[in-house]
Amino acid sequence: MGELFRETEIPNQKRSPNSPPFPAVLSPNPALSPPSLAIFTSAIESQKPYLESLLHKTGAILFRGFPLDNASHFNSVVESFGFADQPYNGGAAPRTHVVGHVYTANESPPHENISFHHELAYSPEFPTKLFFFCEVEPASGGETPIVLSHVVYERMKEKHPEFVERLEEEGLVYNRVMGEEDDPSSAIGRGWKSTFGTADKMVAGQRAAKLGMKLEWIKDGSSARIIMGPIPAIKYDRPRDRKIWFNGMVAAYTISRDDNGQSDELTKAAAFGNGDPLPSDIVYDCLQIMEEESVAIPWQKGDVLLIDNCVVLHARKIFTPPRRVLAALCK
């Protein structure tokens with residue numbers, strides 16, 4: 001371990017006898033002088049094998065107490081890891097590019113919860129690493145809860161074995177209706193133009209097809225329905241020899257029901273692979289399990305949270321402004 005980093009404990013961590021604390025928390029070594037940004041990024045570069053090993057072991061690392069003030073500082077941290085960017089192709093969330101690798105996190109209103117999901121789980125091109133950075137800590141609330149996917153799978157398998165078996169056999173189909181332009185009032189309000197980076201409907205359809213998605217033009221021709229799937233809902237985490245709950249079922253299902261005026265269009269926002277509707281009681285049981293097993297650490301200014309998107313789901317709680325959390329998606 002590099003001498004700059006000290007593994008610390010905070011009250012909100014998840015602890016169990018046979019597992020490391022979740023998430024891991026790294027802070028500056030108090031025996032050293034307070035580090036500069038340059039010292040911090042240099043330590044990341046030199047200690048990358050240690051950091052990657054810790055991420056593999058725990059699934060998430062919170063860096064707390066390091067000298068980050070703004071998006072440019074955060075971008076320097078992301079660059080120091082050396083991961084390639086993952087384009088947000090086909091994503092549903094309204095986002096704005098800030099600088100370098102950095103974008104805003106989901107820009108939906110503060111009164112709207114965003115439920116648990118793996119980023120771009122419905123796409124064949126999903127990021128393996130997610131970074132979040134707290135530039136402005138919330139007045140209250142606004143945590144980013146995280147939960148280990150294999151724990152969700154194991155509990156769902158125990159409680160609803162037939163449902164899980166069907167998911168493993170059929171996968172999921174996702175449906176979303178998109179307007180032309182972004183709608184920042186919705187967590188899934190990204191319009192088709194920004195989703196596919198074009199104003200040309202033919203090009204949008206071609207780009208959707210490359211991602212295994214289908215576009216259907218509806219209403220006056222300005223809106224589109226995007227159909228994704230069937231897509232596997234359960235994956236095998238080969239490096240750790242376990243199955244994981246790799247999908248956005250709960251988020252798609254619950255957000256669609258909070259999206260006033262579109263609930264009829266989105267009754268099958270997430271469905272079984274053959275199109276059959278999901279049983280509401282089981283979906284909400286899954287949400288309850290995720291909430292019980294999750295960790296929601298209150299943001300502090302300067303925090304960086306690194307998540308292994310392959311094994312950890314994340315969410316967002318409602319908050320009282322101000323709050324500014326930025327994100328970077330990496331391969």
Which pair of heavy atoms, one from Gln13 and one from Ile10, lies closest together, and at what distance? OE1-N, 2.8 Å
Let me check something: do Leu215 and Ile227 share a hydrophobic cluster, defined by ILVMFWY side-chain heavy atoms less than 4.5 Å apart, either directly or through other members? no
Might you work through the side chain to side chain contact (heavy atoms under 4.5 Å, CB included) test for Val147 and Phe116, ending with a clear yes or no? CA-CA 8 Å; Val147 63; Phe116 292 94; 3.8 Å; yes
Please check this pair: side chain of Arg323 against backbone of Pro110, looking for a donor-acceptor N/O pair closer than 3.5 Å. no
Do NZ/NE/NH1/NH2 and the carboxylate oxygens of Glu292 and Lys159 come within less than 4.0 Å? no
Give me the atom names and distance for the closest heavy-atom approach of Asp182 to Ser194. OD1-OG, 2.5 Å
Are the side chain of Arg95 and the backbone of Thr104 linked by a donor-acceptor contact shorter than 3.5 Å? yes
Stepwise, does the ring-ring contact (aromatic ring centres under 6.0 Å, His included) test hold for Phe63 with Phe133? CA-CA 10 Å; Phe63 295 88; Phe133 164 64; over 10 Å; no
For the atom pair CZ (Phe272) and CG (Leu167), what is the distance rounded to the nearest 0.5 Å? 5.5 Å
Can any side-chain N or O of His150 pair as donor or acceptor with the backbone N or O of Asp241 at less than 3.5 Å? no
Heavy-atom closest contact (Arg225 atom, Asn175 atom, distance): CD-OD1, 3.7 Å
Is the shortest side-chain heavy-atom distance between Phe163 and Cys286 below 4.5 Å? no
CD1-CD distance between Ile61 and Glu7, expressed to the nearest 0.5 angstrom: 8.5 Å
Please check if the number of heavy atoms outside Lys317 that lie under 6.0 Å from its NZ is greater than 12. no
Judged by modelled atom types alone, do Tyr253 and Ser280 share a side-chain donor-acceptor pair under 3.5 Å? yes
Could you tell me whether the side chain of Lys301 and the main chain of Glu135 form a donor-acceptor pair under 3.5 Å? yes
So, Asn247 versus Tyr122: side-chain donor-acceptor pair below 3.5 Å or not? no
When rounded to the nearest 0.5 Å, the distance separating CD of Gln86 from CG of Asn309 is 9.5 Å
Within the structure provided, determine whether Leu306 and Leu130 are in side-chain contact (heavy-atom separation under 4.5 Å). no
Of the non-hydrogen atoms in Met178 and Ile226, which two are nearest, and what is the gap between them? CE-CB, 3.8 Å
With a 4.5 Å limit on heavy-atom distance, are the side chains of Cys310 and Asp237 in contact? no
Report the distance from atom NE2 of His56 to atom CG of Asp308, rounding to the nearest 0.5 Å. 9.0 Å
Compute whether any side-chain donor of one residue and acceptor of the other, for Thr41 and Ser80, lie under 3.5 angstrom apart. no
Taking atom CZ of Arg238 as the centre, report whether more than 12 heavy atoms of other residues, nucleotides or ligands fall under 6.0 Å from it. no
With a 4.0 Å cut-off, would you call Glu181 and Lys193 a salt bridge? yes
Answer yes or no for Lys129 and Phe83: cation-pi contact, defined as NZ/CZ to six-membered ring centre under 6.0 Å and angle to ring axis within 45°. yes
Aromatic plane relationship, Phe66 with Phe40 - under 30° parallel, 30 to 60° tilted, over 60° perpendicular: parallel
Specify the closest pair of heavy atoms between Pro138 and Trp299, including all atoms of both residues, with the distance to one decimal. CD-CB, 3.9 Å
Tyr153 ring center near Tyr236 ring center (under 6.0 Å): no
Does a side-chain heavy-atom distance below 4.5 Å link His314 with Leu305? no
Does Tyr88 reach the main-chain N or O of Tyr103 with its side chain, forming a donor-acceptor pair under 3.5 Å? no
Please report the shortest heavy-atom distance between Asn75 and His101, naming the atom on each side. OD1-N, 2.7 Å
Separation between OG (Ser115) and OH (Tyr284), nearest 0.5 Å, reads 9.0 Å
Looking at Thr128 and Lys331, would you say the former's side chain and the latter's main chain have a donor-acceptor pair under 3.5 Å? yes
If we only count heavy atoms from C-beta on, is the Pro21 to Thr58 side-chain gap below 4.5 Å? no
Between the side chain of Ser46 and the main-chain N/O of Ser42, is any donor-acceptor distance below 3.5 Å? yes
With sequence neighbours excluded, residues passing side-chain contact (heavy atoms from CB on, under 4.5 Å) with Val203: Thr198, Asp200, Gln206, Arg207
Check: Asp303 side chain, Cys134 main-chain N or O, donor-acceptor pair, under 3.5 Å: no
What distance separates Arg190 CZ from Arg176 CZ, expressed to the nearest 0.5 Å? 8.5 Å
Take atom NZ of Lys210 as the centre, draw a 6.0 Å sphere, and report whether it contains more than 12 heavy atoms from other residues, nucleotides or ligands. no
Can you check whether Arg166 reaches Asn274 side chain to side chain, under 4.5 Å on heavy atoms? yes
